[in-house]
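Reviewing the structure listed below.
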Amino acid sequence: MSVIASPSLRLEPRRSYRLAALLLVAHGGALALLTLTPVMIGAKWALGAGLLASLNVTLNTHALLRAKQALVALWWDADGQWTLRE
């Protein structure tokens with residue numbers, strides 16, 4: 001009788017240039033629409049800075065996987081334990 005090993009699952013996401021392009025288009029569109037809003041100029045600058053900061057974080061963390069907290073690998077072993085590598 002042979003022992004059958006339980007399979008484990010290993011996920012290693014790669015950089016996604018399509019996601020990066022989508023994020024650039026979405027954030028660029030939000031910046032373009034921001035110019036049309038009837039808000040004081042100081043508020044527009046603050047919201048624009050927030051959008052650029054959001055773009056920086058999401059690009060580096062989720063699309064290009066360059067941030068320190070980016071998910072690099074995810075393992076699920078036969079015991080049902082999950083392991084994350086950042």
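FYI, the numbering just counts along the sequence from 1. This one's a predicted model, so the numbers in the text were calculated from it and none came from an experiment.
- Under the 4.5 angstrom side-chain criterion for Ile, Leu, Val, Met, Phe, Trp and Tyr, the cluster partners of I41 are W45.
- In this structure, A78 and S8 approach most closely via the heavy-atom pair N-CB, 4.4 Å.
- Distance check: W75 CH2 to Q81 CD gives 14.0 Å after rounding to the nearest 0.5 Å.
- Contacts classified as side-chain hydrogen bond (donor to acceptor under 3.5 Å, both in side chains) and involving residues 12-25 (residues at least two apart or in different chains) are given here: R10-E12.
- Not counting sequence neighbours, the partners of L47 by the side chain to side chain contact (heavy atoms under 4.5 Å, CB included) test are L34.
- Under a hydrophobic-cluster definition in which Ile, Leu, Val, Met, Phe, Trp and Tyr are linked whenever side-chain heavy atoms come within less than 4.5 Å, directly or via other members, W76 and L11 are assigned to the same cluster.
- Among residues at least two apart or in separate chains, there is no side-chain hydrogen bond (donor to acceptor under 3.5 Å, both in side chains) pair with a member in residues 28-40.
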**OP:** Evaluate side-chain contact (heavy atoms from CB on, under 4.5 Å) for L65 paired with V72, printing each intermediate quantity in order.
**Re:** CA-CA 7 Å; L65 303 175; V72 176; 5.7 Å; no
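- Between L55 and L24 there is a side-chain heavy-atom pair separated by less than 4.5 Å.
- The side-chain hydrogen bond (donor to acceptor under 3.5 Å, both in side chains) pairs that include a residue from residues 56-65 are N56-N60, N60-R66, where partners are two or more places apart or lie in different chains.
- Taking Ile, Leu, Val, Met, Phe, Trp and Tyr as members and joining any whose side-chain heavy atoms lie under 4.5 Å apart, directly or through other members, the hydrophobic cluster of L36 also contains L33.
- Applying the side chain to side chain contact (heavy atoms under 4.5 Å, CB included) test to A63 and every residue at least two apart in sequence or in another chain returns L19, A20, L23, L59.
- A heavy-atom distance below 4.5 Å is not found between the side chains of T83 and L74.
- The closest donor-acceptor contact from the side chain of D77 to the backbone of D79 lies under 3.5 Å.
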